[in-house]
Amino acid sequence: MTFVQPVILCGGSGTRLWPLSRQAYPKQFARILGAESLFQASARRMSGREGDLAFRAPMVLTNADFRFVVTEQLAAAGIDPGPVLIEPESRNTAPAILAAALHALETDPEAILLVSPSDHVIPDAAAFRAAVARGLSAVAEGALVTFGIAPDRPETGYGYLGLAAPATGPDPVPLARFVEKPAAEAAERMLAEGGYLWNAGIFLFAARDLLAACERHAPGLVPPVRAAVAGARSDLGFLRLEPEAWRGAEPVSIDYAVMEKVERISVVPYGGEWSDLGSWDAVMREGAPDAEGNVTSGPAVALDCTGTLLRAEDADQVLVGLGLENIMAVALPDAVLVADLSRAQEVKRVIGVLQAGGQRQATAFPMDHRPWGHFRTLAYSDRFQVKEIVVKPGAALSLQSHHHRSEHWIVVRGTARVTVDDSVRLISENESVYIPLGAVHRLENPGKLPMVLIEVQTGAYLGEDDIVRYEDLYARS
């Protein structure tokens, strides 16, 4: 039996799927296709066994904001997490993958890693695991292995892998060169010539071989990442990489730093369905079109439309398209995108425009996920804000105070235990409590079901950074 350690990279922002994917809650955690998130589907795909191949519990690299989302979604999928490494800041894929390799080598000098993004769509999990198993022979010979997808169109949104020999079957073949995302003419030429596969950005290698490749081709990367791993500290079951050392690592992709330079790299051709779901036209291709080529999701209706994507994310919001052609319309409660499908790769431009205009929708999500539950804003003005707050059973918010706002809490479901200065009492459904400006307070759910309350904030400043924390179960500063 050969054991493989999955490594899931879970820090991207998915800007081309705005407004569904935003910095505060990127696409890998969203249920874009089916009942599971892309992250959950990725973890499930790299679990269990396939013949003589067995997967260990997944190692995840993410940032502090998503650490509880990661463990919560793994638990919901019934998957036991392996190590969860917290990156102090984003430094691209090369430092992250090297950190995973160094951490794995601390306990297993023979560790084999399967590194994958967390937001790809690969419906046939068994076929993918079989492809991984086929790559192990090349790994045993000291090669770094990547996976290539048979192209079915001249795609300009993917990088390509130029093969050194024809792929006559599913077994690994040598790689001749990496090709950056091409212009349309070059993509058409490569498709016609053959001998090129899409670069899936998934890698299989022995951890020691990746370390050796970094020491040879990216030697400046090794000392800061090694120091960040050596200085990592445990925090509520997570492993926080040492921030000062991590900051010294060059932000560079694994392709540019290592893969494009190594002598021994092999490609496993993968013939099954795959998508990086990197744009709304990719989402449309994964959907089930009607007779006119329209794809709808949620409460959306297409009337006299052709080749159009209509997606509504709120059950109380109906999206109707009338007489549209080649249009994508994505509606969330706080933002709506309407564009020609041919401009799908340009959606990330929207974020820059919104940020320049000070629009919070550029990065903030209408539902804010926290380790204790979530909240969403129902109404907002310069002097008041109304929120719906949902607290998980047994969970508690931090003991805190505010400099600039007071709050009114009305429990609408369940029972809340409320601390206000020296007073602690239970608040039941249809009861309320007032939190004066500056009062030290805490909200807890002592029950076995989610507790829901409506919070009304009033004051001169209503930002989430107006919090002084005195105690916190989740070790937030």
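Sequential numbering from 1 along the given sequence is applied to the chain's residues.
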Please determine whether a side-chain nitrogen of the Lys or Arg among R44 and E36 lies less than 4.0 Å from a carboxylate oxygen of the Asp or Glu. yes

Can you list, pair by pair, the side-chain donor-acceptor contacts under 3.5 Å of residues 121-144, counting residues two or more places apart and other chains?
from	atom 1	to	atom 2	distance (Å)
D124	OD1	A126	N	3.4
D124	OD1	A127	N	3.1
R129	NH1	R45	O	3.1
R134	NE	P170	O	3.0
S137	OG	R134	O	3.3

Between R240 and E87, does at least one N-O distance fall below 4.0 Å, as a salt bridge requires? no

Tell me whether K261 forms a cation-pi arrangement with Y256, defined as NZ or CZ under 6.0 Å from the six-membered ring centre and within 45 degrees of its axis. yes

Hey, which of I149, V268, L114 is the one that makes side chain to side chain contact (heavy atoms under 4.5 Å, CB included) with I202? L114

Quick one: do the T306 and E292 side chains pair a donor with an acceptor below 3.5 Å? no

Candidates F29, F238, W372 - the one meeting ring pair (Phe, Tyr, Trp, His ring centres under 6.0 Å) with F68: F238

Trace of the side-chain contact (heavy atoms from CB on, under 4.5 Å) decision for V225 with W246: CA-CA 6 Å; V225 176; W246 187 252; 4.3 Å; yes

Considering residues, nucleotides and ligands other than E180, do more than 12 of their heavy atoms fall under 6.0 Å from its CD? no

Mind running side-chain hydrogen bond (donor to acceptor under 3.5 Å, both in side chains) on D255 and S253 for me, showing each step along the way? CA-CA 5 Å; D255 282 359; S253 72; 5.6 Å; no

Considering only NZ, NE, NH1 and NH2 on the basic side and carboxylate oxygens on the acidic side, decide whether K392 and E72 come within less than 4.0 Å. yes

Test: R370 and D368 ion pair at under 4.0 Å: yes

Should E89 and R247 count as an ion pair when the cut-off is N to O under 4.0 Å? yes

Ring centroids only, cut at 6.0 angstrom: are Y270 and W198 within range, meaning strictly under it? no

If the threshold is 4.0 Å, N to carboxylate O, is there a salt bridge linking R226 and E106? no

Note: E155-R285 ion pair, threshold 4.0 Å (strictly below): yes

Please check if atom CD in E185 has more than 12 non-hydrogen atoms from other residues, nucleotides or ligands closer than 6.0 Å. no

Please determine whether side-chain contact (heavy atoms from CB on, under 4.5 Å) holds for the pair I86 and T62, giving the CA-CA distance in whole Å, both sets of side-chain angles, and the decisive distance to 0.1 Å. CA-CA 5 Å; I86 307 301; T62 188; 4.0 Å; yes

Within 6.0 Å of CG in D52, more than 12 heavy atoms from elsewhere: no

Is it the case that more than 12 heavy atoms not belonging to R360 sit under 6.0 Å from its CZ atom? no

Do other residues, nucleotides or ligands put more than 12 heavy atoms under 6.0 Å from R343 CZ? no

Test side-chain contact (heavy atoms from CB on, under 4.5 Å) on I32 and L17 and set out the steps. CA-CA 10 Å; I32 299 177; L17 287 189; 3.8 Å; yes

Between D281 and S279: side-chain donor-acceptor atoms closer than 3.5 Å: yes

